[in-house]
Amino acid sequence: MKRFQKNIKLYIGFVALALAASCKPSIDLDTKGGNPENVDFSKYIAVGNSLTSGYANSGLSLKGQEQSFPNMLAQEMKKVGGGEFLQPYFPAENYNGSGFLYLKALVNGQPELGTVTDHLAIRGQTEDKKPLYIKYTGPINNLGVPGMRLDMAFAPGIGTTKGNPYFERLLPDNAPATTTYVDFATTKDHTFFSFSLGNNDVLGYATNGAVHTDATNALISEQDFTGRYTSFITKLTNKEQKGVVATIPDVTAVPYFTTVTRQALLAGANAALAAKDPKLPPFENIYIKTKTTPRAATDKDMFILPFSSAGLLGRQDLKDPATGIVNPYPYGLYLQNPVGDNFVLDEAEAKMVQDRIVALNAIIKQVADSKKLAVADIYSFLNKVKSGYQINGIAISNKYITGNIFSLDGVHLTPMGYAIMANVFVDAINAKYSTKLGKVNVSQYGGVALP
Amino acid sequence: MKKLLFSILCASPSLLFAQGSQVNTQGVRALGMAGAGSALFTDETSIFYNPGGLAKMDHNAVSAGISAVMYRSAFKESGSNQVYNTRSQVTPPFSVFATFGPDNARWKAGLGVYTPYGGAVDWGDSWPGKYELNHLKLRAIYIQPTISYKLTDNLSVGAGFVYNIGMVDLARSLPLFLPDGSSAHAKLTGTGTGIGYNVGAHYNFDNNVAISLSYRSKVVTKLKKGDAEFTVPDAVAASFSDTKFSAELPLPASLNLGLSVPVSDKVDIVADGTFIQYNIYKKLVFDYADNTPLLQDTEQIKNYKNAFSGKVGVNYKANEKLAVRAGVGYVKTPVDKDYVYAETPDNDRLMGALGLSYAINDKFSLHAAYVLQKLKERTVTSPVTQIEGAYKTNIHAPSISFTYKW
């Protein structure tokens, strides 16, 4: 009894604590049970390109890596039996990684972009003066390599200083030059995977205005795609592993192709003209080069986003690349000096690219079906974004900057965009395998940062 | 014994007294019976519960009480495996009552200063619904001079005038992002005033059964020139310059009927039923003094329904010095499922209460009570964000008060 009295304060403390804890409201989580197919999330790897790596604003940074969609997915997997998810992070002091675009100012509502050039993770240069990044050769689960293409994944030499610098940084110095991305990605002893390759095999061509100059902007054939896609997926599923594959987004869904319009260009040119001399008749056409003859652009021709910041329209001091002679006609405003083919995905080119994407997505779905894989339909998702909708009280669309989804490069996503994309994967995995993977909290992630 | 205590506090279906943002903690004696007891206690707290009972006091008294109301809400978005809890928030409702009147007079006057409504929820800025609400603190202070008159030995009536000072402090995230990636936010703070009244009658039969009937009018609190402050990126600061806002917050009228029945010398059983006219709360409008294309007035539809509460309790006078009591209650929510907002994720609730009074000497007495309210889990779609998810709330309210009488 004495002892009881001595400890009475302690007892009261315990009771108070227990009371407070036991009376906290609890909502049951629905994570138990389910998983009739015994999906094993213990070692998840993410195979893919820039979207998988966390690339945004034309660059890869430490923050971007942290907010990659596979990392978000892996955090949810952890709650239902998933394991550690390692990413090839840039060192903390080199947090700006490759450098990236940021919004410097809004001048009369028009964005003015700058480039981040401090705290970069650049360790040297290649022979042709391209950057090499600080290596990360430890074990990783996020195998996303910006710029990786399906066809390139099978090519030897891509992991060398002459190849893709983001792949090169993941390989040890003594790695054989013949190491391919397929070999790299299929020897990780994984139990589950996400696969998001193929975009660059079409979009690389499209973003260069459907002009093929090197291996990064070639357009893959359906036959080539089928063979390589089947081969890659077969290797990833050789132990019956489960996984999820992503479809390829449509070109008309991304602001890279939809922001700079013929009408916006004309309005800009005519405003400049009126400022010079209001009596001059306004321009009525923008002229473009095509695969055949130059012609006046229509609203169905798509100008690429960088054309706007290139500041070429109306210039009279530009040399013709073929002849080296200055063309005195204002650039793009006269038939005699049309906008270069690489700046425009004209109607015919767009149609061709769109048809190819549809065909490749059919192949993706077919291969996924045959291997019993889930399909994260990013094509449909971004088409839905195109018409705009509300999520968590935020208006999202494919509008540049204000649409909240796309980063400043107009192709890659904002953290919020990646979070919504992660949920497309969550839904696809749960639908296919009846798992209870939780949804990512979209509200935790931001859109485009304003100055 | 410990186990028993748990089951009473956490599980026992109990009584009632608050809805929406209403938390009644004025009289710690009644609180010990989940808010029942308007007919039993004719003391200084009658100023709040029933001004009609005040004249039945055979002495004068001053009392002061304070409560720690702790809202603990949890939210889980449908399809998510993450539960978000409100940050621990304590609102301290207080009450001060004083009576004046000559000995053996038929009348008695009193003054009450108390906080009939008040609540605080803080969801923070990383939960899914942050574009609806970060936090809300609501508080109303009523100042009520009261007069009561004994018409006969059995029947007394009373009336009070209510002057209300209401305060609101609300913040929510805006879907605009600062250079560090964090979201912009808006903060609204303001103070408003309103007036109303409180009337009642108290009757006791010769066998000491007592009936209490009281009515509180609605009090519409008008906030004018509240401060709206915005933390936004510089690039859009011109569209979000700090401005003023006005808003109206109606606090509902209520009609209360109480009954107390002595079952022995030591035991009284009490019951109270309250009808609350919540249907005056149709919408909440924030009218900004300076609108811009990005800053428009907001209108939230509330469409509250009338609600009721019922509570029963038992009071046991253990000896000359000590009385213990317990009660249970049920409150029907005024909030329709299509209009559940994060500020009051309300639902029908159960209450359980324990309390005691202890007379330290002839002059001083101490009262303590503990009330737990459990709101049923409710899965709703937010009218603001369209997020579907489940809310669950527990409210803990320990209270203590001192009375000095002469």
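Please read all numbers here as calculations on a predicted model, not as lab measurements.
- Note that OG of B:Ser126 is 5.0 Å distant from CD of A:Gln444, once rounded to the nearest 0.5 Å.
- Using a 4.5 Å cut-off between heavy atoms, A:Asn423 makes no contact with chain B at all.
- Atoms CG and CD, on A:Asn392 and B:Gln386 in that order, are 10.5 Å from each other to the nearest 0.5 Å.
- Interface remark: B:Ser173 contributes no atoms to any contact with chain A (heavy atom separation under 4.5 Å).
- Note that CG of B:Leu178 and CG of A:Leu450 are 8.0 Å apart. Values are rounded to the nearest 0.5 Å.
- Atoms CD1 and CD, from B:Ile387 and A:Gln390 in turn, are 11.0 Å apart once rounded to the nearest 0.5 Å.
- If you measure heavy-atom distances from A:Leu437 to chain B, the contacts under 4.5 Å come from the backbone alone.
- Between B:Asn394 and A:Pro25 there is a side-chain heavy-atom pair separated by less than 4.5 Å.
- To the nearest 0.5 Å, atoms NZ (A:Lys436) and CG (B:Asn81) are separated by 9.5 Å.
- Your options are A:Val426, A:Val448, A:Val440, A:Asp427, and the one with the most heavy-atom pairs under 4.5 Å with chain B is A:Val448.
- Note: A:Ile27 leads A:Ile394, A:Ile27, A:Leu106 in heavy-atom pairs under 4.5 Å with chain B.
- Inspection of the A:Lys79 and B:Gln82 side chains reveals an N or O donor paired with an N or O acceptor under 3.5 Å.
- Taking OG of A:Ser443 as the start and CD of B:Glu132 as the end, the distance is 10.5 Å to the nearest 0.5 Å.
- The backbone N or O of A:Ser26 lies less than 3.5 Å from a partner atom in the side chain of B:Lys392, making a donor-acceptor pair.
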**OP:** Take B:Phe177 and A:Asn404, measure what side-chain contact (heavy atoms from CB on, under 4.5 Å) needs, and give me the verdict at the end.
**Re:** CA-CA 9 Å; B:Phe177 305 94; A:Asn404 286 317; 3.6 Å; yes
